[in-house]
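Every chain is numbered from 1 and lettered A, B, ... according to where its sequence line falls, protein lines coming before strand lines.
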2 protein chains.
Amino acid sequence: MPEGSSPQMGQSLLFLTDEQLRKGIEAMFFAYRGFTADPDRILAEKSYGRAHHRAIHFIHRSPGTTVNNLLSILGVTKQSLNRVLRTLIEDGLVASTVGTRDKRERHLHLTQEGAALERELSDAQRDRMRAAYRAAGPAAVVGFRQVLEAMMDDETRHHYEAMKEKPNER
Amino acid sequence: MPEGSSPQMGQSLLFLTDEQLRKGIEAMFFAYRGFTADPDRILAEKSYGRAHHRAIHFIHRSPGTTVNNLLSILGVTKQSLNRVLRTLIEDGLVASTVGTRDKRERHLHLTQEGAALERELSDAQRDRMRAAYRAAGPAAVVGFRQVLEAMMDDETRHHYEAMKEKPNER
DNA sequence: CTTGGAATGTCAACAAAGCTGACGTATTGT
DNA sequence: ACAATACGTCAGCTTTGTTGACATTCCAAG
């Protein structure tokens, strides 16, 4: 019996067939390539990688964040983050300042130069996202975000939600 | 004039504000972690990586595909794919057979053992996708796919479309 | 029938970015 | 005083990507 055509299957459940799920999985895989393609090109010119982009993005989103906080958002080890962070600090894109209340902490900020690169990267990424949103329409965008949020791990979703309502002045 | 608050901006364009786009970008980043988390756990036990998963997935999807075809779908170099493919062949998960019409080509198939791993991986990934789909609902799923498709590079979308209507017997 | 080009494979070397484990230092809180 | 925390760093390893060079095999065109 061909899948997805079971007579006793409610009409409302047809979107949960293996076939539909498989398309979603492949769409996710292929779309992620497009998602990262434009920033990757810019980063390659400057000898940076995706890891630098992620650090820059979240430092921009949460100026003054600590290393530990960034660590849990990015989900990597401190050694891995440190390597990236060190080059960004050496290159003058990120400023690391000792905490005032707790001097063990380092607070991270983008310098002017860092903010400039952030803008270049996010402009490129937003351009593609905007084109996709425009092509798909507002209703599709709502669904897009709903599915993505439901796909996250609980801990990850917590980070996402925490940042959701923190608009960045620009 | 700050974007997103222009009085003459049509109501229908509010979903294209930088703020909305930023949320979409972060949702994409966080969701991709969840997307790969379950297969990654299974793969780690077996000393394989994501690259092995991708190869297995697309060999399953297109049995008998050539190395070159797989290369263009995955978007990596032949050296990189070859390393992964070699281990899969050595481990008896993938069979490589010389082409009949063109003996330069190798046709790739999953062995029984390879198909078993494929099933384990895709079951895990589908479980999460199914939960996300169920939570978001059918209308959201349509939008989800529309946005993802619009996000792909043209060449990538071509691969995606080519595989779209090729259901796999299971 | 020869030869050029295509498809494949392989060797070597390298880089990005993740990981573990160990250790040092400064600081904080108990 | 002492344990825990935050951070940085060294060393070493893994996966997965990259180039470049070169050999082999084979099809197809001249």
OP1 or OP2 of dT8(C) under 4.0 Å from side-chain N/O of Asn68(B):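 So the side-chain polar atoms of Asn68(B) do come within 4.0 Å of the phosphate oxygens OP1 or OP2 of dT8(C), strictly under.
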
Spacing between [X] atom [atom1] and [N] atom [atom2], to the nearest angstrom:
{"X": "Asp40(B)", "N": "dG18(C)", "atom1": "CG", "atom2": "C1'", "result": "12 Å"}
{"X": "Asp102(B)", "N": "dT24(D)", "atom1": "CG", "atom2": "P", "result": "19 Å"}
{"X": "Leu70(B)", "N": "dA7(C)", "atom1": "CG", "atom2": "C1'", "result": "14 Å"}
{"X": "Arg86(B)", "N": "dG9(C)", "atom1": "CZ", "atom2": "C1'", "result": "9 Å"}
{"X": "Glu105(A)", "N": "dT28(C)", "atom1": "CD", "atom2": "P", "result": "9 Å"}
{"X": "Asn82(B)", "N": "dA12(C)", "atom1": "CG", "atom2": "P", "result": "14 Å"}
{"X": "Leu85(A)", "N": "dA16(C)", "atom1": "CG", "atom2": "C1'", "result": "16 Å"}

Between Phe30(A) and Phe58(B), ring centroids under 6.0 Å: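 Yes, they do, as the ring centres are separated by less than 6.0 Å.
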
Phe29(A) ring center near Phe35(A) ring center (under 6.0 Å):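 No - the distance between ring centres of Phe29(A) and Phe35(A) does not fall below the 6.0 Å cut-off.
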
From dT28(C), dC27(D), dG9(C), nucleotide with atom closest to Val67(B) side chain: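 Given the options dT28(C), dC27(D), dG9(C), the side chain of Val67(B) is closest to dG9(C).
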
Phe15(B) reachable from Ile25(B) in the ILVMFWY side-chain graph, under 4.5 Å edges: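 Yes, one cluster joins them.
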
Stepwise salt bridge (charged side-chain N to carboxylate O under 4.0 Å, His left out) test for Asp153(B) and Arg33(A): CA-CA 8 Å; Asp153(B) 274 337; Arg33(A) 278 234 290 267; over 6 Å; no

SB check Asp91(A) Lys46(A) (cutoff 4.0 Å):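 Between Lys46(A) and Asp91(A) there is no salt bridge, as every charged N stays at least 4.0 Å from the carboxylate O atoms.
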
Arg145(B) bridged to Glu149(B) by N-O distance under 4.0 Å: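 Salt bridge: yes.
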
Report, one pair per line, the protein and nucleotides 14-18 of chain D atoms (nitrogen or oxygen only) whose separation is under 3.5 Å.
from, atom 1, to, atom 2, distance (Å)
dT16(D), OP1, Arg50(B), N, 2.7
dT16(D), OP1, Ala51(B), N, 3.2
dT16(D), OP2, His52(B), ND1, 3.3
dG17(D), OP1, Arg54(B), NH2, 2.5
dG17(D), O5', Ser80(B), OG, 3.3
dG17(D), N7, Arg83(B), NH2, 2.3
dG17(D), O6, Arg83(B), NH1, 3.2
dT18(D), OP2, Thr77(B), N, 2.6
dT18(D), OP2, Thr77(B), OG1, 2.8

hbond_proxy Arg106(B) side chain to dT8(C) base (donor-acceptor, 3.5 Å cutoff):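 Per atom types, no contact qualifies.
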
dA26(C) base / Arg104(A) side chain donor-acceptor hit below 3.5 Å: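 Looking at the base of dA26(C), it does not pair with any donor or acceptor on the side chain of Arg104(A) (distance under 3.5 Å).
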
Candidate pair His159(A) and Glu26(B), rule side-chain hydrogen bond (donor to acceptor under 3.5 Å, both in side chains), full reasoning: CA-CA 10 Å; His159(A) 288 304; Glu26(B) 289 177 356; over 6 Å; no

